[in-house]
2 protein chains.
Amino acid sequence: MVSTMYPNSPLAVPPAGEPIRERLARAAFELFALHGYESTTIDDITTAAGVARRTFFRHFPSKEDVIFPDHDSVLDRVRWYLGASTKTEPIFAVAEATRLIFESFMAAPEQTLARYRLTREVAALRDREVASVARYERVLSDYLRSRLPNTHEAALAAHVAAASFVAAHNQVLREWLRSGGTEDPHPALEAALTTIADLMAPLIAHSSRQSSPSAV
Amino acid sequence: MVSTMYPNSPLAVPPAGEPIRERLARAAFELFALHGYESTTIDDITTAAGVARRTFFRHFPSKEDVIFPDHDSVLDRVRWYLGASTKTEPIFAVAEATRLIFESFMAAPEQTLARYRLTREVAALRDREVASVARYERVLSDYLRSRLPNTHEAALAAHVAAASFVAAHNQVLREWLRSGGTEDPHPALEAALTTIADLMAPLIAHSSRQSSPSAV
DNA sequence: GACTCTACTGGCACTAAGTGCCAGACATCA
DNA sequence: TGATGTCTGGCACTTAGTGCCAGTAGAGTC
């Protein structure tokens, strides 16, 4: 009755001004918190958002993706930063990249906390989160390997260093999440990054030296 | 016609002597290799195995699980070993636990290699593998935390050490997989474990000392 | 105003994973 | 012979996710 007689017309344009993508995400978070992740269907979400079921999958590739931030754009930013930092000491570049990742979580603290509450309870979401973290680790180790000689020893150093930075990042983030987001995590992050950088510097330096002609 | 006139009777007992679970896994691996993981349906697998569709889900909780080994039993073994090693130096116990995990992959090399070929191509399986690895890391870090004082610093050391051992494990396993399983990975594993143990020993030792009353 | 182009949504039909439920088959033991 | 436990087959059902087409709104063009 609003505009035409076509049945799908009244909702063709969303009544409120809020973009559909955000309305879907908000409805999803609310329903997940209320009834749990698994008990909430896509139909529930789209009904709550006043949108057709098909529309959901135009904005999010899967149900899991409503919850997670845009890791891809963060990955791109990290890759871009690392690609540009060819003059920086590799270990400092990786530390700075870790900061970038951390700040991407801090950019939307409430959403990070809400996601944490869900991932704590739903195994599938936990696995998904872990997979995302693994991608960050991969970007860091790829960068380190590109900055180190092409030896087994250097590859090991690169992977261990990347894993250590990510582990430190996760530990600081976890403590912050457990505190309910009350404390400022930055001092802990800086302390952790310094610890890891100091720890990994000799390993990286040693594997760099192995590129001499006398090496195996 | 074989035994009774009931329609489901002829296949109630599998014709061959091979257990149904293994027949399903073998059929799945063959079909995945032939047509790819995503193009192969549960119906395809059960048809090839001569078993009803419903039976598949009695042996494997999901399609992904056909591929993966029994991580739970390995996890139990690792937990049991760590639980029993209260007198061993923590870092050596974790190194030995890493060996246990590595050997669980080496117990069935062909299957490990076949799984690698699949995980290289299917993102969902890669994520699943990563999630399994994360569980091992969790067991290691839980153990280290239980052997260290209850401080932020020790928690960081525990997570970083666990992540480093797992990263070293993965790196050695990956090299072996890339070689097609031709080379003996054990020398590389021992070298990597020694490197990580030497690297992490001071970190662990330092965080242990922080348990003194004068500490924060 | 009529036209086209583009970008978006609605809705239907379909595939495939995974679950609940019940009945039948077989081996074992009493 | 009968009771019991364990396994399988088969059916119906829910839900996630995809392909396809029609309809709608807005911007620009003539």
Side-chain angles (χ1 to χ4, degrees), chain A residues 1-25 27-28 31-32 35-68 118 122-125 127-128, chain B residues 1-25 27-28 31-32 35-68 118 122-125 127-128:
Chain A
M1 218 61 97
V2 175
S3 55
T4 80
M5 57 179 295
Y6 294 100
N8 57 351
S9 169
L11 284 176
V13 164
E18 193 181 7
I20 286 185
R21 187 187 160 89
E22 279 154 40
R23 234 166 59 209
L24 281 167
L31 289 170
F32 291 163
H35 311 118
Y37 176 79
E38 270 137 0
S39 304
T40 305
T41 68
I42 306 288
D43 277 322
D44 296 337
I45 298 169
T46 50
T47 303
V51 169
R53 178 184 144 74
R54 191 67 184 83
T55 300
F56 179 92
F57 291 104
R58 288 209 183 86
H59 291 274
F60 303 99
S62 80
K63 187 180 168 186
E64 293 177 358
D65 286 279
V66 205
I67 293 166
F68 292 97
L118 286 171
V122 183
L125 298 178
D127 290 354
R128 177 63 185 270
Chain B
M1 219 59 99
V2 175
S3 55
T4 78
M5 59 179 292
Y6 293 101
N8 57 349
S9 168
L11 283 176
V13 165
E18 193 181 7
I20 286 184
R21 187 188 161 88
E22 280 155 39
R23 237 169 54 213
L24 281 168
L31 289 170
F32 291 162
H35 311 119
Y37 176 79
E38 269 137 359
S39 305
T40 305
T41 68
I42 306 286
D43 277 322
D44 296 337
I45 299 169
T46 50
T47 302
V51 170
R53 178 183 144 76
R54 191 65 182 85
T55 300
F56 179 92
F57 291 104
R58 289 208 182 83
H59 291 275
F60 302 99
S62 81
K63 187 180 169 184
E64 293 177 359
D65 286 279
V66 206
I67 292 167
F68 291 97
L118 287 170
V122 184
L125 298 178
D127 290 354
R128 177 63 185 269

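If you're wondering where the values come from, they're calculated on a predicted model, not measured in any experiment. Here is how names work: the chains are called A, B, and so on, in the same order as the sequence lines, proteins then strands, and each is numbered from 1.
There is a side-chain donor-acceptor pair under 3.5 Å between Thr41(B) and Asp44(B).
In this structure, the CG atom of Asp44(B) is 8 Å from the P atom of dA16(C), given to the nearest Å. Atoms CD (Glu38(B)) and C1' (dA17(C)) sit 13 Å apart, rounded to a whole Å. Taking atom CZ of residue Phe56(B) and atom P of nucleotide dG10(D), one finds them 17 Å apart after rounding to whole Å. Taking atom CZ of residue Arg53(B) and atom C1' of nucleotide dG18(C), one finds them 7 Å apart after rounding to whole Å. Ile42(B) places its CD1 atom 7 Å from the C1' atom of dA17(C), with the value rounded to the nearest Å. Going from atom CZ of Phe57(B) over to atom P of dG9(D) covers 14 Å, rounded to whole Å. Atom CG in Asp43(B) sits about 14 Å away from atom C1' in dG9(D), given to the nearest Å. Distance CG (Asp65(A)) to P (dT18(D)): 10 Å, rounded to an integer number of Å.
Remark on DNA chain C: of its neighbouring residues Arg58(B) and Glu64(B), the 5'-side contact belongs to Glu64(B), judged by nearest-heavy-atom nucleotide. When each of Ser39(A) and Phe60(A) is assigned the nucleotide of DNA chain D with its nearest heavy atom, Ser39(A) is the one assigned upstream, toward the 5' end.
Of all heavy-atom pairs between Glu64(B) and Ala124(B), the closest is OE2-CB, 4.0 Å. Taking each heavy atom of Leu125(A) and Phe68(A) in turn, the nearest pair found is O-CZ, 3.4 Å. Considering every non-hydrogen atom in both Ser62(B) and Arg128(B), the closest pair reads OG-NH1, 4.2 Å.
Between the base of dG18(C) and the side chain of Arg54(B) there is no donor-acceptor pair shorter than 3.5 Å.
Across dT9(C), dA16(D), dG18(C), the shortest atom-to-atom separation from the side chain of Lys63(B) is found for dG18(C).
At the heavy-atom level, Thr40(A) lies under 4.0 Å from the strands shown only through sugar-phosphate atoms.
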Taking it one step at a time, do Ile45(B) and Thr40(B) satisfy side-chain contact (heavy atoms from CB on, under 4.5 Å)? CA-CA 7 Å; Ile45(B) 299 169; Thr40(B) 305; 3.8 Å; yes

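Side-chain nitrogen and oxygen atoms of His59(A) include at least one within less than 4.0 Å of the OP1 or OP2 phosphate oxygen of dT9(C).
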